[in-house]
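Have a look at the structure below, then the notes.
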Amino acid sequence: MRAQLGVERAVHMTWRGVVAALDEGEAFRSRVSLYLHPLAGRPMLWHVVSSLLGASTPPSEVLVLHRAEFTGRPPDLPAQVRFKAVKRGDERRAMRAAITAPGSTVLVDGSAALLTSPAIDSLLQMARSELAALFSREEEAVAVAVAGEGPAVASSQDPFRPAAAVRVPLDDPYEVLCVTDRHALATAGEVIRDRLVRWHEARGVSFLLPSTTLVEVDVRIGADTVIYPNVALEGATVIGSECVIGPYSRVVESTVGRGSELTGWNYVLRTQVRNHAVLEAYARRGTE
């Protein structure tokens with residue numbers, strides 16, 4: 001589901017990833033860490049780590065630096081993803097210590113939820129010969145991801161402001177969007193929604209008005225299914241092939257059998273709809 005960038009993805013090297021999830025997220029005005037805010041059905045940090053793990057050559061390990069008050073490790077992350085708490089005021093020293101070790105290192109901002117694995121591949125390709133970075137759109141001097149030999153990455157006073165880094169070009173400017181407030185979170189949700197819609201369309205699913213559809217990353221939809229406007233498909237939902245999901249329907253962590261039709265305005269929650277079933281308008285299935 002990751003957007004392809006038209007670059008060679010064969011990157012054969014040993015490297016490690018470091019994710020800096022150290023922003024206090026004051027703009028969110030929330031008791032929940034900004035890195036745990038949901039984005040397309042998964043915590044924002046899950047998207048960042050997944051982009052690293054999905055590279056052509058996966059990292060030997062991924063270290064997530066986070067604040068001491070951070071709780072709630074995202075699920076479904078493999079054993080090579082480690083978490084390390086950092087005390088307030090010790091962020092820069094901890095970051096430099098994490099990236100100084102010899103060998104290839106990729107340092108990523110934990111709020112860069114739209115980065116894709118091909119973007120990481122491009123960064124690693126460029127970093128074979130020199131320090132490379134993906135720079136944010138908002139401020140040219142600030143990097144969203146930096147790659148190179150560990151000591152070189154750590155050489156700047158602020159590793160996310162590498163003066164000597166070569167810029168890595170990207171086709172999609174949203175790759176370097178940092179989600180630091182709720183408006184950026186909404187923008188990121190739209191971008192991921194569009195990526196997911198295109199991914200499902202390539203596999204035979206029709207969306208009649210995709211800009212109004214909510215589809216999350218764990219949703220699976222069979223071929224020749226038609227999704228009407230204003231539909232929300234959430235969680236680990238499975239829609240069979242040749243189904244019709246009518247307008248204003250919401251399906252949450254449920255299975256809809258092959259050839260079924262939700263006429264419209266339906267609410268289906270944590271249940272199964274049999275093959276070839278027809279739910280009349282406003283019908284509900286499942287319990288809270």
Side-chain angles (χ1 to χ4, degrees), residues 1-4 30 32 36-47 50-51 54 72 74-77 113-114 116 172 174 177 179 182-288:
M1 292 184 220
R2 299 289 183 180
Q4 298 298 315
S30 174
V32 179
L36 294 180
H37 273 75
L39 181 61
R42 291 282 189 161
M44 189 164 68
L45 183 62
W46 179 90
H47 293 273
S50 294
S51 69
D76 303 331
L77 294 180
L114 296 180
T116 63
D172 183 357
Y174 284 109
L177 174 69
V179 181
R182 292 185 186 269
H183 184 71
L185 182 67
T187 300
E190 292 177 7
V191 173
I192 291 182
R193 184 271 317 282
D194 290 344
R195 291 176 180 175
L196 290 169
V197 164
R198 287 194 295 270
W199 188 86
H200 286 291
E201 287 174 334
R203 286 154 181 79
V205 180
S206 293
F207 295 83
L208 299 187
L209 194 58
S211 63
T212 68
T213 302
L214 172 65
V215 55
E216 295 186 339
V217 294
D218 292 316
V219 171
R220 295 295 177 264
I221 309 173
D224 293 319
T225 285
V226 178
I227 309 296
Y228 272 69
N230 297 294
V231 167
L233 305 175
E234 303 173 45
T237 286
V238 178
I239 308 293
S241 59
E242 301 173 1
C243 292
V244 175
I245 309 299
Y248 294 94
S249 295
R250 184 183 180 198
V251 185
V252 183
E253 297 178 0
S254 297
T255 299
V256 177
R258 175 177 179 174
S260 296
E261 179 178 357
L262 277 60
T263 309
W265 291 268
N266 300 115
Y267 181 45
V268 179
L269 174 66
R270 300 187 185 93
T271 191
Q272 290 189 342
V273 177
R274 62 178 174 79
N275 293 347
H276 306 291
V278 177
L279 270 63
E280 296 299 328
Y282 302 101
R284 296 168 59 97
R285 292 291 185 273
T287 57
E288 298 290 348

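Along the sequence shown, residues are numbered consecutively beginning with 1.
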Heavy-atom side-chain contact between [X] and [Y] under 4.5 Å:
X: Arg285; Y: Leu269; value: no
X: Gln272; Y: Val238; value: no
X: Thr263; Y: Tyr282; value: no
X: Tyr228; Y: Val244; value: yes
X: Ile227; Y: Leu233; value: yes
X: Leu208; Y: Val226; value: yes
X: Asn230; Y: Pro247; value: no

Would you confirm whether [X], through its side chain, and [Y], through its main-chain N or O, come within 3.5 Å as a donor-acceptor pair?
X: Asp194; Y: Ile192; result: no
X: Thr225; Y: Glu242; result: yes
X: Ser254; Y: Arg270; result: yes
X: His47; Y: Leu114; result: no
X: Ser260; Y: Val278; result: no
X: Ser51; Y: Thr116; result: no
X: Thr213; Y: Val231; result: no
X: Asn266; Y: Ala283; result: yes
X: Ser50; Y: Trp46; result: yes
X: Thr212; Y: Pro229; result: no

Nearest 0.5 Å, please: how far is [atom2] in [Y] from [atom1] in [X]?
X: Tyr267; Y: Ser249; atom1: OH; atom2: OG; value: 12.5 Å
X: Leu177; Y: Leu185; atom1: CG; atom2: CG; value: 9.5 Å
X: Thr237; Y: Glu216; atom1: OG1; atom2: CD; value: 8.0 Å
X: Arg250; Y: Leu262; atom1: CZ; atom2: CG; value: 13.5 Å

- Message: Testing the basics here: between Pro74 and Pro43, what is the closest heavy-atom pair and its distance to 0.1 Å?
- Response: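 Nearest pair, atom of Pro74 first, then Pro43: CB-CG, 4.1 Å.
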- Query: At their closest point, which heavy atom of Leu39 faces which heavy atom of Ala113, and how far apart are they?
  - Reply: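 Minimum heavy-atom contact is CD2-CB, 3.6 Å.
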- Task: Apply side chain to side chain contact (heavy atoms under 4.5 Å, CB included) to Leu279 and Val268, showing your working.
- Result: CA-CA 10 Å; Leu279 270 63; Val268 179; 3.9 Å; yes
- Hey, are Arg258 and Asp224 close enough for a salt bridge, meaning a charged N less than 4.0 Å from a carboxylate O? no
- Under 6.0 Å from the CZ atom of Phe207, do we count more than 12 heavy atoms belonging to anything else shown?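 Above 12, so yes.
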- Query: Within 45 degrees of the axis of the six-membered ring of Trp199 and under 6.0 Å from its centre: does Arg195 put its NZ or CZ there?
  - Reply: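 No, cation not above the ring by the 6.0 Å, 45° rule.
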- Item | Val32/His37 under side chain to side chain contact (heavy atoms under 4.5 Å, CB included): CA gap, chis, key distance, verdict | CA-CA 7 Å; Val32 179; His37 273 75; 3.9 Å; yes
- Test side chain to side chain contact (heavy atoms under 4.5 Å, CB included) applied to Met44 and Val179, step by step: CA-CA 9 Å; Met44 189 164 68; Val179 181; 3.4 Å; yes
- Task: Would you sort out whether Glu234 and Asp218 count as a side chain to side chain contact (heavy atoms under 4.5 Å, CB included), showing the intermediate values?
- Result: CA-CA 8 Å; Glu234 303 173 45; Asp218 292 316; over 6 Å; no
